[in-house]
Amino acid sequence: MDALFDAINVRDLLSTSDLRDPTAPLSAPDLRLLITRLESHSLQIKSKVKSYILAHHSDFSSLFSLCNDAVSRTDQINQCLLDLLALVSDSPIDGEIREIVEELSGKMKEAREKREILELVRIIVGISERLGGIKEGVKNGRLRLAAVDIRDLKKILRIGDEEEREPVVYGLLRKEWLDCFEEIQEMLVKFVENAVQFEPDSSIVRVKYRLSVDGIAGVVDLHSVLDSMEVIGILDYGFAKVADQMIKHVIIPVVKKGSSISSMEDLKDVSKEMTEAILKILSTSNPMVDVDGEIIYSRIIQVINFVCKCICFENPSWIRCFGRLTWPRISELVISNFLSKAVPEDASKLAGFQKIIKDTYEFETALKEMAFISASDSTDQKLSNFAENVELHFASRKKIEILAKARNLLLQCDFTIPQEYTRKGHPMKNSGTAVNYYEHVVDLLFLSERCLVSKAATQLMDLVHQTLKDICLSSPRVALEFYHAARDAILLYEAVVPVKLERQLDGVNQVAVLMHNDCFYLSQEILGLAFEYRSDFPISIKEHAVFVDLAPRFQVMAEEILQRQIQLVISNLKEAIDGADGFQNTHQAQQFESAKFSIDQVVFILEKVHIIWEPLLLPSTYKKSLCMVLESVFSRITKDILLLDDMAAEETLQLQRLIHLMLESISSLMESLSTVIQKERPGEYHTSLVDDLIPSLRKIRKVAELLDMPLKSITTAWQSGELISIGFTMLEVKDFIKAIFTDSPLRKECLWRIENVGL
């Protein structure tokens, strides 16, 4: 049968000669031949099919019968379904079925919930029984088992991980667990306190290994107590008090007083088990003066060995816990009482500190081997870190000492000046040997002058110079600290002295002038520091060592103090001149006395300034400052007189008298000013130079002349340009003439001539 379905190859139906060229079209004879052969082949196929069917007739009959049965059964099922649908549609059975199913689901859910509740109740009862068992176990001395149950129930009850809307019973169970936890914690801590006893009077630490407490049956051993504490996670809490007492009663005497250590163990006679251990602190009557690091470290090791063996039972985790509680305080005690004191006083002795560095490293290595400190945590290596950085500690301590010394000398200096120095004819002026009276007359580096400064300023610069010399001999790290110390010491003057002398700076006095000199002197010294020391500084800080930036600060401070003094003097002079009431009506006795009193006040203030300033200020500064003050006085008095709108003949004489009185009274002051100018410009005409420095001096002298000068002479002086050269204005001259001379044709003519000069 398979042969019937084989593919027909057309090429087989044609002659071979026709296949030479596959692309050539078939001829009509070829097509007829092909049709004939296809018909023949078709007949063959039909014959074969018929023969096959006849040969398998029974098989085909059974197949058709089976198909007929399947169709019949399908019709029957279809009819049954139709009948069922008709039945269902006629009766509401589906509703009943749904109700039954829902009821069944509810019953099953209720049963499942009851099973869950029963399971929960069983768990709650079990937890409650375990909590009760914990209390019973504690009473019977089964601390380890009780601790394990506490730990397990903490996870079951999710302590610390509570959720909202939980059953109330969970809260009750947690509260009961907390009560059990606190009870066992208190019990375990009490065991530890009873086990490790400190007896300060006898200098003994006693460790007992067999313990009994009221309410606990039997005897409990210390190891079991510590094991239980570790299980429930309160080992730190349990060791806290013991660690604190160990520091207080053992470590502090060893480190601070040099106490030695001895230990001994008591053994039972029968069981040969250790019942207690004793650590004895042997105090010394002579506290250590020269501290030996090796001895201190060995004694601390003895104490820690006792702790590791007799308290922590050589358990690494317990030892590490005790170390975390005590090591920070032990290391601080060693640093403050030994290492910091062992830092050399002199940079040349730094090499001798190497043995202490070696002992410190070996000490920490031993502690790491005992697991007392961490082998990987660098924060536990405080002692070796401190010792290795001894240069910085040395420099830091020296810096603190330098700044403390600078601060003390600034605070202790009283800025007083010997009376001999301020008297007329002071040593600097006459003999140049002021050192005999006051040793702090200094030469200025960049000026060919000398000035008086405070003891604080000279001592401060001496300290700075010494510090800079130490920089030249120090290592780079130490030199850098010294450099900052020198800068900070200089800046301390700026921070301390103005605050200390605040009240004196509000008045005109020697202290303020002395502080001005200090600031000027410091600015000069600061400018010279780099030139003097920079070449000898270590190479690493040559580029960073700068002082020149500090000089302008002190220059500004000096100028501010000086200007403040000048303004205070000018303010006092203005107040004194205000008392003259504009020099009006001086022909009246009372007004003249008032004006004369004001002039006396002005003279007094100027003389006081002369006495204070001349001995202390640099000559150039004294000249500049005094000229500013005198200019303000003369210009104010001149202005007030020229503003008078009416002057009687007698009044002009009185005003002239007051001017002459004032100029005569300050003759010594003017002489001192001329002396300064003479030293600056020898061979020149000094009176003319004084007039140039104080323009209003010429003007007030001319006012005194004008007060008794005829009208025509005044006019001639204006026309000649004399008054203009002195500083008079046309309006001042016209008002002056109107105030002195009554209205007349001559006055009008003179005023016209004044107005029309040059026409």
Side-chain angles (χ1 to χ4, degrees), residues 340 343-348 391-415 439-446 451-502 505 511 514-538 540-558 560-561:
S340 61
V343 174
E345 296 286 342
D346 191 344
S348 61
E391 280 191 342
L392 288 181
H393 301 307
F394 165 74
S396 177
R397 189 170 75 179
K398 292 295 289 184
K399 179 180 178 180
I400 293 172
E401 291 176 359
I402 291 169
L403 295 179
K405 186 175 181 180
R407 182 177 180 274
N408 289 336
L409 66 88
L410 290 173
L411 290 175
Q412 293 171 5
C413 180
D414 56 5
F415 289 83
E439 60 180 354
H440 302 293
V441 177
V442 295
D443 293 314
L444 299 176
L445 290 180
F446 299 97
C451 73
L452 179 69
V453 297
S454 69
K455 182 179 179 181
T458 55
Q459 289 184 339
L460 179 63
M461 285 314 303
D462 288 343
L463 181 62
V464 170
H465 282 291
Q466 183 58 50
T467 303
L468 296 181
K469 289 177 183 177
D470 290 340
I471 290 178
C472 301
L473 303 174
S474 301
S475 65
R477 296 168 74 185
V478 176
L480 185 62
E481 288 296 315
F482 281 178
Y483 160 68
H484 289 298
R487 281 181 60 92
D488 293 345
I490 294 172
L491 291 173
L492 272 178
Y493 188 97
E494 182 185 22
V496 173
V497 177
V499 177
K500 176 184 177 181
L501 304 180
E502 184 177 5
L505 292 176
V511 172
L514 194 62
M515 183 177 170
H516 159 79
N517 288 356
D518 282 357
C519 294
F520 193 77
Y521 162 69
L522 291 175
S523 69
Q524 295 273 303
E525 288 292 312
I526 290 168
L527 289 173
L529 292 178
F531 296 102
E532 188 173 356
Y533 298 103
R534 188 182 184 87
S535 60
D536 296 326
F537 281 173
S540 60
I541 69 167
K542 277 186 179 180
E543 297 180 358
H544 306 288
V546 178
F547 293 96
V548 70
D549 61 306
L550 301 179
R553 300 172 67 155
F554 285 92
Q555 289 173 348
V556 170
M557 195 189 309
E560 287 177 349
I561 295 170

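Remember, it's a predicted structure, so these values are computed and weren't measured experimentally.
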Original post:
Which residues pass the side chain to side chain donor-acceptor pair (under 3.5 Å) test with Glu494, sequence neighbours left out?
Top reply: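 Counting only residues at least two positions away or on another chain, Glu494 forms a side chain to side chain donor-acceptor pair (under 3.5 Å) with Arg553.
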Taking the side chain as C-beta and beyond, is there a heavy-atom pair between [X] and [Y] under 4.5 Å?
X      : Y      : result
Leu410 : Lys500 : no
Tyr533 : Ile471 : no
Val548 : Ile526 : no
Val453 : Phe520 : no
Leu529 : His465 : yes
Leu522 : Ile490 : no

**OP:** Please name all residues satisfying side-chain contact (heavy atoms from CB on, under 4.5 Å) with Glu560, sequence neighbours left out, ordered by chain then number.
**Re:**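 Partners of Glu560 under the side-chain contact (heavy atoms from CB on, under 4.5 Å) test: Val556.
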Original post:
Excluding sequence neighbours, so at least two apart, what forms side-chain contact (heavy atoms from CB on, under 4.5 Å) with Ala395?
Top reply: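 Partners of Ala395 by the side-chain contact (heavy atoms from CB on, under 4.5 Å) criterion, ordered by chain and then number, come out as Val478, Glu481.
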Subject >> Test side-chain contact (heavy atoms from CB on, under 4.5 Å) applied to Leu460 and Asp518, step by step >> reply: CA-CA 10 Å; Leu460 179 63; Asp518 282 357; over 6 Å; no
Rounded distance (nearest 0.5 Å) linking atom [atom1] of [X] with atom [atom2] of [Y]:
X      : Y      : atom1 : atom2 : answer
Leu501 : Phe415 : CG    : CZ    : 5.0 Å
Phe537 : Leu480 : CZ    : CG    : 11.0 Å
Lys455 : Cys413 : NZ    : SG    : 7.5 Å
Leu492 : Leu463 : CG    : CG    : 10.0 Å

Please give me the minimum heavy-atom distance between [X] and [Y], naming the atom from each residue.
X      : Y      : value
Leu409 : Ala456 : CD1-O, 3.4 Å
Ile402 : Ala489 : CG2-CB, 4.5 Å
Pro476 : Ile541 : O-CG2, 4.3 Å
Ile561 : Cys519 : CD1-SG, 4.1 Å
Pro498 : Leu505 : O-CD1, 4.1 Å

**OP:** Sorted by first residue and then second, give each ring-ring contact (aromatic ring centres under 6.0 Å, His included) pair with at least one member in residues 469-489; sequence neighbours left out.
**Re:**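 Sorted result for residues 469-489: Tyr483-Phe547.
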**OP:** For the pair Arg534 (side chain) and Ala545 (backbone), establish whether a donor and an acceptor sit closer than 3.5 Å, ignoring hydrogens and angles.
**Re:**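 Yes, Arg534 side chain to Ala545 backbone: donor-acceptor pair under 3.5 Å.
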Subject >> Salt-bridge contact Lys405-Asp462 (side-chain N to carboxylate O under 4.0 Å) >> reply: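 No.
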Original post:
How would you list, by chain and number, every residue that makes a salt bridge (Lys or Arg N to Asp or Glu O under 4.0 Å) with Lys399, sequence neighbours excluded?
Top reply: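 If we apply the salt bridge (Lys or Arg N to Asp or Glu O under 4.0 Å) test to Lys399, skipping adjacent residues, the hits are Asp488.
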**OP:** Please name all residues satisfying salt bridge (Lys or Arg N to Asp or Glu O under 4.0 Å) with Arg397, sequence neighbours left out, ordered by chain then number.
**Re:**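 Partners of Arg397 by the salt bridge (Lys or Arg N to Asp or Glu O under 4.0 Å) criterion, ordered by chain and then number, come out as Glu345.
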**OP:** Answer yes or no: does atom NZ of Lys542 have more than 12 heavy-atom neighbours from other residues, nucleotides or ligands under 6.0 Å?
**Re:**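 Yes, enclosed.
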**OP:** Test side-chain contact (heavy atoms from CB on, under 4.5 Å) on Val497 and Tyr493 and set out the steps.
**Re:** CA-CA 5 Å; Val497 177; Tyr493 188 97; 3.6 Å; yes
